[in-house]
Amino acid sequence: MTSPISPVRVRYAPSPTGIPHIGNIRTALFCWLLAKQTKGQFIVRIEDTDRTRYDTEAEKAIFESLDWLGLDWDEGPGKGGPFGPYVQSERQQTYIDAALKLVESGHAYFDDTTPDQLHALRERQRAAKQPPRYDGRGRHRSPEEIEVSRQAGSPVTIRLKVPDHGAVSFVDAVRGKITFELKELDDFVILKSDQMPTYHLAHILDDKAMGVTHVIRGDEWISSTPRHLLIHQALGIEPPTYVHVPLILGKDKAKLSKRHGATSALEYRDLGFLPDAVFNFMCLLGWSPGDDTEVMTREEIVRRFSIDRINDSPATFDSEKLEWMNGVYIRNMDEDTLIVELLPFMERPESEGGLPDSVTRPINRAYFKRLLPLVHERLKLLTQGTETLDFFFADNVNPAAEDLPGRKMDAEMTKRALEAALEMCKTVAPFEPEHLEAEYRSLAEKTEMKPGQLFSPIRVAITGKAFAPPLFDTMAAIGQDRCTERIYKAIGILRSAGTSPAE
RNA sequence: GGCCCCAUCGUCUAGUGGCCCAGGACACGGCCCUCUCAAGGCUGAAACAGGGGUUCAAAUCCCCUUGGGGCUACCA
């Protein structure tokens with residue numbers, strides 16, 4: 001149960017039936033980590049044997065997610081490798097051959113029970129309070145009967161013969177020994193009537209063919225592992241090491257799914273999260289390095305990762321903590337890198353969260369570079385660039401009258417503050433942060449206001465917001481003329497509010 | 001229903017029989033810093049699901065109960 005030191009061959013084998021969610025991708029992450037750590041291989045294989053649920057978009061999303069998180073694979077689609085193809089639908093013949101061989105060796109048999117009959121059987125069992133289970137009726141069908149069904153166009157499957165007594169057990173690398181009674185299992189389908197294998201058959205054949213040493217997969221597979229063990233036995237091959245990792249649950253403690261809001265890696269990307277932060281955070285869901293370290297580089301995680309330290313219990317996804325960690329990563333980022341990340345978000349159309357459409361694209365980089373230090377440590381998400389910087393670019397700042405007064409200020413006092421501020425703004429020179437601060441502080445003294453009281457209305461007048469970067473840096477960056485205009489405008493807003501009957 | 005898995009603060013977790021009247025992190029409260037918001041510092045509240053064993057000693061081992069989850073498809 002110790003971590004392997006010899007190189008592993010591990011695979012991430014998603015089925016393209018939906019956008020992969022965090023729980024699913026986290027499994028890929030664990031695979032990747034183990035491969036990197038042991039200098040083994042990380043294989044990606046597309047399990048598209050369910051033709052009815054196949055979705056091109058899902059397949060695209062799988063690769064996009066992997067790319068975005070930087071989980072590069074050694075063998076797989078688009079990359080090739082010595083054991084291809086890495087798409088199951090292209091390996092169909094091997095599954096058919098194997099299934100047929102299992103029939104020949106007496107481990108499996110043809111079954112022509114129709115879906116309707118199966119359904120009726122289950123209904124009867126349910127009504128009789130019996131566990132719904134296939135009753136093995138196909139075991140007694142003669143080759144002739146099967147042939148008749150086949151000619152008649154009835155669906156024919158191949159099922160594995162499961163012994164009706166005995167038990168199978170295996171040692172899971174994270175949970176230890178797990179045993180199942182065989183009488184709990186029914187004869188299950190290994191080759192469907194459309195000649196495609198089920199997951200159970202296909203993955204075993206592929207893993208064997210591809211030399212997979214460790215099967216790392218979600219907890220939900222524990223219950224089908226006895227089936228997989230049985231197939232190995234029938235095929236006369238050794239099973240791999242099983243590593244069942246705990247599931248990731250949504251806020252309601254149910255297995256993560258679409259209805260939990262943002263659940264795919266790609267959604268987090270679009271929300272403004274950094275791949276490194278998501279990577280780091282996901283590693284900590286179901287694994288920990290053993291001390292209190294949480295923020296780690298990829299290299300550090302690769303070095304410290306171990307199967308022994310994978311948790312037994314499921315984790316609930318807490319996006320608040322992810323947001324905090326994203327902030328940490330943003331703060332640790334150098335400015336030039338951050339600019340590159342931030343610009344695309346701010347240059348999106350206004351309707352998609354970008355700067356107002358009136359602001360010309362591309363954004364002036366030199367100006368942007370000057371602004372970034374003012375907000376750098378305030379950002380938690382890349383999408384927040386727009387809201388924290390928009391007033392530097394757009395001149396349509398339009399504060400509401402009731403937002404202008406600071407704490408413990410009435411409209412009259414606010415107006416006085418702004419009028420004094422306006423006079424100074426027109427003439428003060430140089431228009432530099434230190435000088436501005438000194439001047440405005442003495443203005444506060446002269447007008448017998450607390451600095452905060454004077455600064456508050458100015459801040460709102462200039463930025464349109466109660467929360468903004470340091471005032472004088474902001475003013476200097478915006479420039480004397482634009483500041484003057486904005487303060488003037490704010491006074492106007494205050495005046496008309498004061499005279500309106502609604503007040 | 002049956003089978004399987006799981007069970008430490010709200011959340012992620014440390015803890016592998018004594019170092020634990022349980023440590024860290026997020027979130028939350030207070031204080032400090034401060035032109036606002038952040039960031040930072042200090043600090044507070046907050047958990048071993050319950051019951052039985054085993055042991056000199058249990059969050060840690062065993063059993064039961066309870067709770068949660070997964071599976072029970074010609075889906076993966």
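Both backbone and side-chain heavy atoms feed into the values below; hydrogens, waters and symmetry mates do not. Small disclaimer: the values here were computed from a predicted structure and weren't measured. Order of the sequence lines sets the chain letters (A, B, ...), proteins ahead of strands, with each chain counted from 1.
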Test the [X]-[Y] pair against the cation-pi criterion, namely NZ or CZ under 6.0 angstrom from the six-membered ring centroid and within 45° of the ring axis.
X: A:Arg141; Y: A:Tyr109; result: no
X: A:Arg459; Y: A:Phe455; result: no
X: A:Arg227; Y: A:Phe188; result: yes

Identify each atom pair where a protein N or O and an N or O of nucleotides 21-23 of chain B are less than 3.5 Å apart, giving names and distance.
none

Pair A:Phe317 + A:Tyr268: ring centers closer than 6.0 Å =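 Between A:Phe317 and A:Tyr268, the centre distance is under 6.0 Å.
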message = By the 4.0 Å heavy-atom rule, please label A:Thr49 as base, sugar-phosphate, or nothing.
response =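 A:Thr49: backbone/sugar contact only, no base atoms under 4.0 Å.
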Closer than 4.0 Å, any side-chain N/O of [X] to the OP1 or OP2 of [N]?
X: A:Thr293; N: B:G24; value: no
X: A:Arg26; N: B:C12; value: no
X: A:Arg159; N: B:C74; value: yes
X: A:Asn311; N: B:A14; value: yes

inquiry  = Rounded at 0.5 Å granularity, tell me how far SG in A:Cys283 sits from CZ in A:Arg298.
reply    =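 Atom-to-atom, A:Cys283:SG and A:Arg298:CZ are 8.5 Å apart.
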query = How many angstroms lie between CG in A:Asp312 and NE2 in A:His244, if you round to the nearest 0.5 Å?
reply =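 These two atoms lie 13.0 Å from each other.
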ask   = Of all the choices, B:C6, B:C3, B:C75, which nucleotide is nearest to the side chain of A:Thr198 once you look at every atom?
value =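 Looking only at side-chain atoms, A:Thr198 lies closest to B:C75.
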ask   = Do side-chain atoms of A:Thr388 reach the backbone of A:Gln384 as a donor and acceptor pair under 3.5 angstrom?
value =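 Yes; judged by distance alone, with no hydrogens or angles, the pair exists.
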query = Is any N or O donor-acceptor pair between the side chain of A:Arg175 and the base of B:C5 shorter than 3.5 Å?
reply =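 Between B:C5 and A:Arg175, which were checked side chain against base, a qualifying N/O pair under 3.5 Å is absent.
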query = Has the side chain of A:Ser193 got a donor or acceptor atom sitting under 3.5 Å from an opposite partner on the base of B:C74?
reply =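 A donor-acceptor contact between them is present.
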Polar atoms only, N or O, under 3.5 Å: list the protein pairs with nucleotides 63-70 of chain B and their distances.
residue	atom	partner	partner atom	Å
B:G70	OP1	A:Lys255	N	3.4

message = In whole Å, I'd like the distance from the CD1 atom of A:Ile158 to the P atom of B:C74.
response =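 Going from A:Ile158 (CD1) to B:C74 (P), I get 15 Å.
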Protein-to-nucleotide contact annotation, 5' to 3' order, nucleotides 26-37 of chain B [B base; S sugar-phosphate only; - none; under 4.0 Å, heavy atom] = SS-------BBB
